[in-house]
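We're numbering straight along the sequence, starting at 1. Because the structure is predicted, anything quoted here is derived from the model rather than measured. Both counts, for ligands and for their atoms, begin at 1 and track the order of listing.
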Amino acid sequence: MPKNPQKSKEELTPKKPQEVSYEAKDIYVLEGLEPVRKRPGMYVGSTGVDGLHHLIWEVVDNAIDEAMAGYAKNITVELLAENKVSVTDDGRGIPVDMHAQTKKSALETVMTTLHAGGKFGGESYKVAGGLHGVGVSVVNALSDYLRVEVCRDQGLYVQEYVRGKPKEKVKKIGTCKKTGTKVIFSPDREVFSSLEFNDKRIIDHLRQQAFLTKGIRINFLDHRSSPPQFYGFYFEGGLLSFVKYLAHGKKPLQEDVFYIHRTQEKIEVESALLYIDDLEVRELSFANNIYTPDGGMHLTGFKSALTRSLNNYARAEKYLKEKDENLTSDDTREGLVAIVSVKLREPQFEGQTKARLGNPEARTAVEAVVNDALKEFFEKRPAEARRVLAKVMLAAKARLAAKAAKDTVLRRGALEGLTLPGKLADCISRNPVDSELFIVEGDSAGGSAKSGRDRKVQAILPLKGKILNVEKARLDKMLVNLEIRSLVVAIGTAIGEEFDLAKIRYHKVILMTDADVDGAHIRTLLLTLFYRYFRKVIEAGYLYIAQPPLYRIQTGKNVRYAYTESEKQGIVKELQKSKEGPLIQRYKGLGEMNPSQLWETTMNPALRLLKRVEIEDAKEADRLFDILMGDEVLPRKQFIQTHALSVKNLDI
Ligand code: 28G
């Protein structure tokens, strides 16, 4: 993100009045916003729907700044016909007075200059360099039409723009009793690939902003339908209300939400937390009202404070004996719903997507504030503290039990004694470079694969699909599972501290699962297993996914296979010319193929498709794993069904 791009001397030096023709001024303005139109993505993130919505966030941010400065109380966002948006606030109104140097209205300068004014008076939390806070002039530059109305000093002032260029000077066109600013804009279709605003997205954002700025009212009106849709957000409790909203419908372990709002070393820290009867963690963090999906220093400070407070309390109340290990951060976060919001000067957003707060002073401030406040909270509410502690202790116990189980599997030599599993149909070759291991779902497919394979270099290990489907499987528990142990032994690398890539027995480990929901499920489990315990196998490029065909298409003696829907359509079209109509069989599972078909379509190196697993694929599987293994059955089903068949990047 360009920070206050350096202007040339010429731009900064005002021309003598007689030289300032209207055209000359236009050039100045054009130069001011030209970079925005040249590289819109740099200023609003993208020219797709994200960037489009960003325009609204930007304008609303300005209104919220005016609210945080203590002046605006009400903000209204309206979606109008023809992709127009209107945002109104009841703040002081953008100043309209003439600037002595530029001879322009302050309003025009704000609307037509990048980072106009720099730090606005009293608004020291403005974000420089982030996606937000780039200024309303960016919205102006990317709108084919914008109109701003200001009520101030009893006057109504207006200016209109086309792609950031004023049509006329700021004009007073009437009177006003109150004060405020209104911006109406229509995003430029030359810039954005889509002009379609999404009401749900806007509602979610406005709700979130209302939670983050307690006491302001944000209204939303969608005039695209009649009667218009109306939403109003006003939360007296700020983050406290936010936590209640996130925990809605869940069983809380506390009577009251923990809440703290305090300024420490000039950093404003606000945080709320509630434990619920659940295993997941829901934590959100914000810096200057901007969501930081990857957390950062503020979240780190929060986690340290939580872990420390709970350990202190657990020791003081003898939940932990002297010899016991401390609770880990993960122990203290099962079932936690928490929000941390900080406001600070010069926030640094780090990472590729600027999704993480980098300021170390935010960590210290949050840690100190939350530590103090939590200590007091626990002291004042021993009953709640005990309930929270009981839950946290349970998490620690589960962790220790899982570790013990894992240790038995991973113990030095534990796998060495094991001979190759009986279910493994190994290949003859002992050279890993040309050996392949097919991990096959189900015994029947395993049988076909065994008969159909090239036994010189291809080994088959059938796995029972169901066995992996342990409810709430923790991966470490899976390792105790015999099926998985046989897999570990077959691969040959051992696991954990003993892992040695050089000992791998096959340079192609191929996951061969059905092209249905269960197959996708098992594949996710196996990918997660590899991602967590055999990452080097993936990095070395040894892990593959087999691509069985979806269709068999026969005309007379001619048999063809289609691996995708469009391929099938192509083949069918091609065959329409022949006398007999084609016979189309859809394969639901590997088990439906006989050994020679399986060989021909999926295993024969000369004909098959294999997808090499990239680390990103496995990472994604690792993320999905938690969803697949979660409590809620319905979203899981839907999830599997929408993703089961998406396969990309096919290569032979
Ligand atoms: C409705 C859509 C978005 C805004 C204000 C109010 C002031 C302001 C905005 O100042 C920076 C400050 C003075 C030159 C500040 C009014 C001080 C006194 C403001 C908005 C630079 C602009 N009176 N309300 N900007 N000035 N609302 N809503 O954008 O020195 S922007």
Side-chain angles (χ1 to χ4, degrees), residues 4 12 14 32-33 43-44 53-80 84-128 132-143 145-161 164 170 172 176 178-187 197 202 205-206 209-210 212-213 216-221 233 288-289:
N4 298 322
L12 289 172
L33 293 178
Y43 296 85
V44 292
H53 286 79
H54 204 95
L55 300 179
I56 304 186
W57 311 162
E58 195 55 55
V59 179
V60 171
D61 270 3
N62 285 299
I64 291 177
D65 282 344
E66 183 67 0
M68 292 205 303
Y71 299 98
K73 296 267 174 292
N74 297 281
I75 298 169
T76 299
V77 178
E78 293 170 87
L79 283 185
L80 312 173
K84 272 205 181 72
V85 183
S86 146
V87 182
T88 315
D89 73 47
D90 58 355
R92 290 166 292 181
I94 304 178
V96 290
D97 48 304
M98 278 296 169
H99 194 280
Q101 278 188 341
T102 60
K103 293 277 191 291
K104 269 192 225 162
S105 159
L107 177 60
E108 180 171 336
T109 310
V110 166
M111 300 306 295
T112 59
T113 330
L114 265 179
H115 300 100
K119 287 233 170 86
F120 291 165
E123 294 158 291
S124 44
Y125 294 140
K126 272 241 175 278
V127 187
H132 291 247
V134 287
V136 68
S137 64
V138 166
V139 178
N140 195 10
L142 302 178
S143 297
Y145 169 79
L146 185 144
R147 175 186 172 91
V148 58
E149 298 177 3
V150 168
C151 277
R152 219 184 137 88
D153 309 327
Q154 278 82 48
L156 171 58
Y157 300 85
V158 184
Q159 190 170 39
E160 292 179 312
Y161 316 80
V170 173
K172 182 175 175 208
C176 273
K178 297 183 177 156
T179 61
T181 306
K182 180 181 194 123
V183 171
I184 302 160
F185 66 95
S186 110
F197 285 107
I202 297 169
H205 181 87
L206 296 180
Q209 292 299 312
L212 288 165
T213 323
I216 61 163
R217 174 164 194 99
I218 305 184
N219 298 310
F220 175 62
L221 272 160
F233 300 112
N288 294 4
N289 283 3

What are the two closest heavy atoms between T112 and K104, and how far apart are they? OG1-NZ, 4.5 Å

Filtering T181, D89, V60, N62 for the heavy atom nearest atom 28 (N) of ligand 1 leaves D89

Under a heavy-atom criterion of less than 4.0 Å, does P95 contact ligand 1? yes

For I94, counting its heavy atoms only, list the atoms of ligand 1 lying under 4.0 Å from any of them. 4 (C), 5 (C), 9 (C), 25 (N), 31 (S)

Going by the atom numbers of ligand 1, which of them fall below 4.0 Å from some non-hydrogen atom of R152? 16 (C), 23 (N)

Decide yes or no on side chain to side chain contact (heavy atoms under 4.5 Å, CB included) for M68 and T213, but give the supporting numbers first. CA-CA 7 Å; M68 292 205 303; T213 323; 3.7 Å; yes

Which ligand 1 atoms are under 4.0 Å away from a heavy-atom of A63? 3 (C), 20 (C), 28 (N)

Per-atom contacts of ligand 1 with E66, taking only distances under 4.0 Å to non-hydrogen atoms: 5 (C), 6 (C), 7 (C), 24 (N)

Any heavy atom of A72 closer to ligand 1 than 4.0 angstrom? no

Is a donor on one side and an acceptor on the other found under 3.5 Å between the side chain of D90 and the backbone of N74? yes

State which residues pass side-chain hydrogen bond (donor to acceptor under 3.5 Å, both in side chains) with Q154; sequence neighbours excluded, sorted by chain then number. none

Would you find a donor on one side and an acceptor on the other, under 3.5 Å apart, between the side chain of E78 and the backbone of V85? no

Can you confirm whether more than 12 heavy atoms, excluding those of Y145, are under 6.0 Å from its OH atom? yes

Pull out every atom of ligand 1 sitting under 4.0 Å from any heavy atom of V59, numbered as shown with elements. 2 (C), 3 (C)

